Amino acid sequence: MEVTSIQNGIIIDHVPAGTALKVLAYLKINPAKTKLALIMNTDSHLYGTKDIIKIEDEDGNGPSVDLDVLGLVARTATVGIVRGGRIVEKKTPTLPEHVVNILTCRNPRCVTTTERGIEQMFHLTHSERQEYRCDYCDEEAKL
Ligand SMILES: [Zn+2]
């Protein structure tokens, strides 16, 4: 097991280069209020360059990362759970079939844009291309 620079927390590795801040925003992790380290554009054996997010979590309960959301923004990422300076568990993101209130429809004529209080719902239409479309108007989602 590899030794890391944090004692307890999580390491999100293999984040696409340059996207760490976007990933944090989607995961609703506030960089101003969280003990974390970002390593951006570092060398990756698999993808050329990558970002790494390390989140310290002193009480050991673990900051929870929504693997569905992570799958949407960083399909290639891996999540390592760190306890006592070692990665004790690894998780991989999932690609959800259906997402609610994470993506926003960009179609100005969509009912979710013109009316208030309607949930933003998208469904997976192509898993390889990672394509999501709006449940209401079929507009493709853009991350
Ligand atoms: Zn729509």
Side-chain angles (χ1 to χ4, degrees), residues 1-108 110-113 116-143:
M1 286 284 160
E2 84 192 76
V3 178
T4 73
S5 56
I6 60 175
Q7 281 300 304
N8 294 297
I10 58 169
I11 296 177
I12 308 174
D13 199 353
H14 301 112
V15 175
T19 67
L21 291 171
K22 185 173 87 172
V23 169
L24 286 174
Y26 271 95
L27 291 173
K28 295 189 166 54
I29 294 169
N30 183 349
K33 291 182 178 169
T34 312
K35 233 182 178 180
L36 57 80
L38 296 183
I39 301 159
M40 299 188 75
N41 300 305
T42 189
D43 291 329
S44 159
H45 299 300
L46 289 176
Y47 306 108
T49 55
K50 65 177 178 179
D51 290 357
I52 304 170
I53 303 167
K54 297 183 179 186
I55 304 171
E56 185 93 61
D57 166 45
E58 280 146 343
D59 58 22
N61 292 327
S64 57
V65 166
D66 189 324
L67 293 172
D68 280 358
V69 175
L70 192 60
L72 288 175
V73 285
R75 185 80 187 106
T76 56
T78 56
V79 179
I81 312 294
V82 180
R83 293 288 174 264
R86 289 161 177 270
I87 292 177
V88 295
E89 191 185 345
K90 277 197 173 176
K91 294 180 177 180
T92 50
T94 46
L95 201 55
E97 286 290 326
H98 199 238
V99 292
V100 179
N101 292 337
I102 297 167
L103 304 169
T104 305
C105 186
R106 305 213 170 181
N107 175 3
C110 180
V111 67
T112 60
T113 313
R116 286 160 180 264
I118 294 179
E119 293 195 316
Q120 297 275 350
M121 299 199 284
F122 284 79
H123 55 278
L124 185 65
T125 50
H126 197 292
S127 57
E128 253 165 66
R129 285 205 306 270
Q130 222 185 308
E131 181 184 288
Y132 283 86
R133 288 186 181 274
C134 177
D135 277 12
Y136 305 96
C137 72
D138 224 33
E139 177 87 1
E140 191 179 342
K142 296 267 189 301
L143 282 165

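The structure presented is a predicted model; accordingly, all values stated were derived computationally and were not measured. Heads up: numbering here begins at 1 and tracks the sequence.
Among residues two or more places apart in sequence or in another chain, the side-chain hydrogen bond (donor to acceptor under 3.5 Å, both in side chains) test is passed with K22 by none. Taking the side-chain hydrogen bond (donor to acceptor under 3.5 Å, both in side chains) definition, one finds that H45 meets it with nothing, sequence neighbours left out.
No donor-acceptor pair under 3.5 Å is formed between the side chain of Y132 and the backbone N or O of L143. Q130 places a side-chain N or O within 3.5 Å of a backbone atom of G71 that can act as its donor or acceptor partner.
Heavy atoms only, all atoms of each residue included: A141 and L103 are closest at CB-CD1, 3.7 Å. When every heavy atom of A17 is checked against every heavy atom of N41, the shortest pair comes out as CB-OD1, 3.4 Å. Here the shortest heavy-atom pairing between I53 and A20 reads CD1-O, 3.8 Å. Minimum interatomic distance between S44 and H14 (heavy atoms only, all atoms of both residues): OG-CD2, 4.4 Å. Residue Q7 comes nearest to E56 through the heavy atom pair N-OE2, 3.5 Å, listed as atom of the first residue, atom of the second, then distance.
Counting heavy atoms from C-beta on, the side chains of I10 and D57 never come closer than 4.5 Å. The closest side-chain heavy-atom distance from K50 to T42 is below 4.5 Å. In this structure, V79 and P93 have side chains that are not in contact, with every pair of non-hydrogen atoms separated by 4.5 Å or more. Side-chain contact check for D138 versus H123: some heavy-atom pair is nearer than 4.5 Å. Between L70 and L27 the shortest side-chain heavy-atom distance falls below 4.5 Å. By the 4.5 Å heavy-atom criterion applied to side chains, V73 and T19 are not counted as neighbours. With contacts defined as side-chain heavy-atom distances shorter than 4.5 Å, the pair H98/D135 qualifies.
With rounding to the nearest 0.5 Å, the separation of CG in L46 from OG1 in T78 is 9.5 Å. Distance check: N107 CG to T112 OG1 gives 7.5 Å after rounding to the nearest 0.5 Å. To the nearest 0.5 Å, atoms CZ (R133) and CZ (F122) are separated by 10.5 Å. In this structure, the separation between CG on L21 and CG on D51 is 8.0 Å, given to the nearest 0.5 Å. Considering NZ of K54 and CG of L36, their distance stands at 12.0 Å, rounded to 0.5 Å. The CG atom of L72 sits 5.5 Å away from the CD1 atom of I102 when rounded to the nearest 0.5 Å.
No side-chain donor from either of Q120 and T104 sits under 3.5 Å from a side-chain acceptor of the other.
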